[in-house]
Each structure stands twice: as C-alpha cells, then as structure tokens.
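One structure below.
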Amino acid sequence: MVSFILCLLPALLATTNAQAAILTCDTCFGLTETCNFAPGTCQVNKATGGCLSVAEDIKLGGTQNTNFYKECVSNYKSDIEVPISFTVGNGNYVRINTTLCNTDNCNAAVPGMPTGSTTANGLQCPTCFALNFAPCNSSVTPCTGDETYCMDFTGFLQKGPSSSPFQAKGCTSASDQVIKPGINLTSTPYTFSFFWGQSVPAEKIPTPPPPTTTTPATTTNAPPTTATPANTTNAPPTTTHSGASPALGKFSFALYLPGLTGLLLVKLLS
C-alpha cells in the first residue's frame, strides 16, 4: 500500500504543478475605454506568458487607429511593459500605453489612452518613416510635450500576415530607451519587432541671432551757402571825344589847327 502511494505521489505533484502553471487573463476589444467587445478570459503558460492590456493611438501612412484591448501573451519578457510615445514627422506618430502582469486576471483594468501634446518644448530631432528599405529622408522637426529624446529605430513592421522592414526617426519619450534588439511592441494593427535602435537626448533648437540694427547716418543741417560776388573795382567811365581817334587822345585837334587857318585866309582874300 505504501509503495502504491509512493508511486502515485509524483503524478499527483505533476498534476498540481501543471494546474499552477496555467495563467488566466481577461480578454476584450473596443474602440473606447469600455472595451466591451468579446469580453471573456484566456489561458497561457504562467512560466513564460502574461496578461496584456493596451490603449493605443497610432497614425502611420495617413491611417489612424484608436483601440483598447486585453489578451494573453505567450512571451511575457519580449514585449514592452511601459507607455511608448514617438513622433516620426508628417503627422505620423505612435502612442501606446501598455501594461503587462503575471497573475490571474491582473489585466482587468484598461489603461488610459496616451495623449500627445502640441506644446513645443524647445527641442528638435530628425524625423522620417520608411518601409521596404525606401530612403528615410529626414527633416528636422520641433519636439513637443514629454518627447525629449531623439530616436533612430529599424526592424520589421507586421500587419496581419505581411511583414515589411521599416526605419523610423523622430522625437520620443524617455521610456523608449527600453527598446532593444529583439523587443516587440504589440498593437492591434501592427507588431513592431526591433532589431536595432537608439535614443539620445534631443538637442535644443538654436536661438536665432538678434536682428541687426542699422544706425542711420548723422545729417548736419548746414545753412545754405551764399555765393560771394567777385571783388569789382569801381573805375571811372572812359570818355571818347567825337571825331577823334581814341589812340590820339587830347592832342588830335592841335595837329589839324595850322591847316584850317590857311584855308580860312585863302577864302577871305579871294
């Protein structure tokens, strides 16, 4: 009898351990925080899995997705467990508030939706997003809110059955420093699988130099200049005697006097 019990004990312990290794999590999906579509539970191996709860607001390629959901995850250690926020320019951004836990029904509450900020924080980063090895032509963009780091990530973006390589640069929050090679970021439409990435503190936006003030030239209002007439000497007028050459002057009449006297005498004697 004792030997039979000893033989049965390992099987009983194995059954107990197997039951203890099962983790039960809440499930649901919705477009609002009520997350009321398909509520229920799921089970996963407690040794490796966990319970996930997500609120997400994602806009990539002009398509916006806002969702809330809860589910089981099979690889508890490979998924990000903190809120993530990054902006990659041209109106594209990813904001995911994620919680992971490892006890039964620990994901009963839905996390709040992460909200972006439009308040400039005085920092800037290169931003771009490209798929399928397309050039990621970045342009410097001002950062806002708590996105005080610059990120540069590459990896694979999975949507449904398709998977595409991606590169992303942009402004990000400090929590994105947890992104390492092999880490996954899970969302409803996408799964980001990172194989390289870094985040560094963002640089301040350079302060433009003060405008140059041009000092106008000093103009002196001088009195108008009056032309001084040339100094003219008041000489007496020159008188020219009629019938006489100016070259002969006052002696011209005396030269003709003898001739006139002779003609007068001839006239009287005749």
Side-chain angles (χ1 to χ4, degrees), residues 29-35 52-70 79-100 109-131 134-155 157-159 164 166-180 183-194 196-211:
F29 176 82
L31 302 179
T32 65
E33 292 184 2
T34 55
C35 188
L52 174 70
S53 185
V54 174
E56 63 187 12
D57 182 16
I58 301 173
K59 186 176 181 181
L60 291 176
T63 302
Q64 185 171 6
N65 295 273
T66 302
N67 301 301
F68 300 83
Y69 64 94
K70 297 182 285 186
D79 284 70
I80 293 174
E81 305 176 36
V82 295
I84 295 293
S85 174
F86 56 85
T87 302
V88 291
N90 295 323
N92 295 311
Y93 57 84
V94 174
R95 301 186 187 110
I96 302 179
N97 194 359
T98 303
T99 59
L100 275 171
V110 176
M113 176 65 70
T115 57
S117 172
T118 59
T119 303
N121 57 24
L123 304 174
Q124 65 180 12
C125 295
T127 60
C128 67
F129 183 79
L131 293 171
C136 197
N137 298 319
S138 62
S139 59
V140 177
T141 303
C143 299
T144 59
D146 63 354
E147 294 183 349
T148 58
Y149 281 74
C150 294
M151 67 165 204
D152 187 355
F153 296 145
T154 57
L157 181 65
Q158 185 174 349
K159 184 177 182 180
S164 304
F166 78 90
Q167 183 178 7
K169 296 180 181 181
C171 302
T172 185
S173 57
S175 60
D176 281 23
Q177 294 180 87
V178 303
I179 297 178
K180 305 294 181 184
I183 288 289
N184 295 327
L185 179 60
T186 302
S187 70
T188 301
Y190 308 108
T191 297
F192 297 84
S193 298
F194 299 95
W196 185 85
Q198 66 175 2
S199 297
V200 297
E203 296 182 355
K204 290 184 177 180
I205 297 175
T207 303

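- Of all heavy-atom pairs spanning S164 and L131, the tightest one is CB-CD2, 4.3 Å.
- The distance from the OG atom of S199 to the CG atom of D176 is 5.5 Å, given to the nearest 0.5 Å.
- Counting all heavy atoms, side chain and backbone alike, D152 lies closest to W196 at O-CZ3, 3.1 Å.
- Between the OH atom of Y149 and the OG atom of S85 there is a distance of 14.0 Å, given to the nearest 0.5 Å.
- Across all their heavy atoms, T141 and C171 have their closest contact at O-SG, 4.0 Å.
- For the atom pair OG1 of T172 and CD1 of I84, the computed distance is 6.5 Å after rounding to the nearest 0.5 Å.
- Listed by chain and number, the residues in a side-chain hydrogen bond (donor to acceptor under 3.5 Å, both in side chains) with S53 amount to none (sequence neighbours excluded).
- Other residues, nucleotides and ligands contribute over 12 non-hydrogen atoms within 6.0 Å of the CG atom of N121.
- Side-chain contact between V54 and N67 is absent, with no heavy atoms from C-beta onward closer than 4.5 Å.
- Between D57 and Y93, some side-chain heavy-atom pair lies under the 4.5 Å cut-off.
- How far SG of C150 is from CD of Q124: 8.0 Å, rounded to the nearest 0.5 Å.
- C143 has its SG atom 2.5 Å or further from the SG atom of C125.
- Side-chain contact between L60 and Y190 is present, with at least one heavy-atom pair separated by less than 4.5 Å.
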What do the steps show when you test C128 against V88 for side-chain contact (heavy atoms from CB on, under 4.5 Å), and what is the final call? CA-CA 5 Å; C128 67; V88 291; over 6 Å; no
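- Between L52 and L100, some side-chain heavy-atom pair lies under the 4.5 Å cut-off.
- Between L157 and F129 there is a side-chain heavy-atom pair separated by less than 4.5 Å.
- Of all heavy-atom pairs between V110 and C35, the closest is CG2-CB, 4.0 Å.
- Atom OG1 of T63 sits about 6.0 Å away from atom NZ of K159, to the nearest 0.5 Å.
- We find the CE-OG1 distance between M113 and T32 to be 9.5 Å, quoted to the nearest 0.5 Å.
- At least one donor-acceptor pair under 3.5 Å links the side chain of T144 to the backbone N or O of S117.
- Within 6.0 Å of CD in E203 there are 12 or fewer heavy atoms belonging to other residues, nucleotides or ligands.
- For T188, the side-chain hydrogen bond (donor to acceptor under 3.5 Å, both in side chains) partners are E56, not counting sequence neighbours.
- Nearest heavy atom pair, residue Q167 against residue C136, reads OE1-CB, 3.5 Å.
- Ring pair F192/F166 is perpendicular by interplanar angle, where above 60° counts as perpendicular and below 30° as parallel.
- Across V82 and V178, no two heavy atoms sit closer than the pair CG2-CG2, 3.8 Å.
- In this structure, the side chain of N97 does not engage the main chain of A55 through any donor-acceptor pair within 3.5 Å.
- For S175, the side-chain hydrogen bond (donor to acceptor under 3.5 Å, both in side chains) partners at least two apart in sequence or on another chain are S173.
- Put simply, the side chain of T191 does not reach to within 4.5 Å of the side chain of L185, judged on heavy atoms.
- When side chains are defined from C-beta on, T115 does not count as touching R95, because their heavy atoms never get closer than 4.5 Å.
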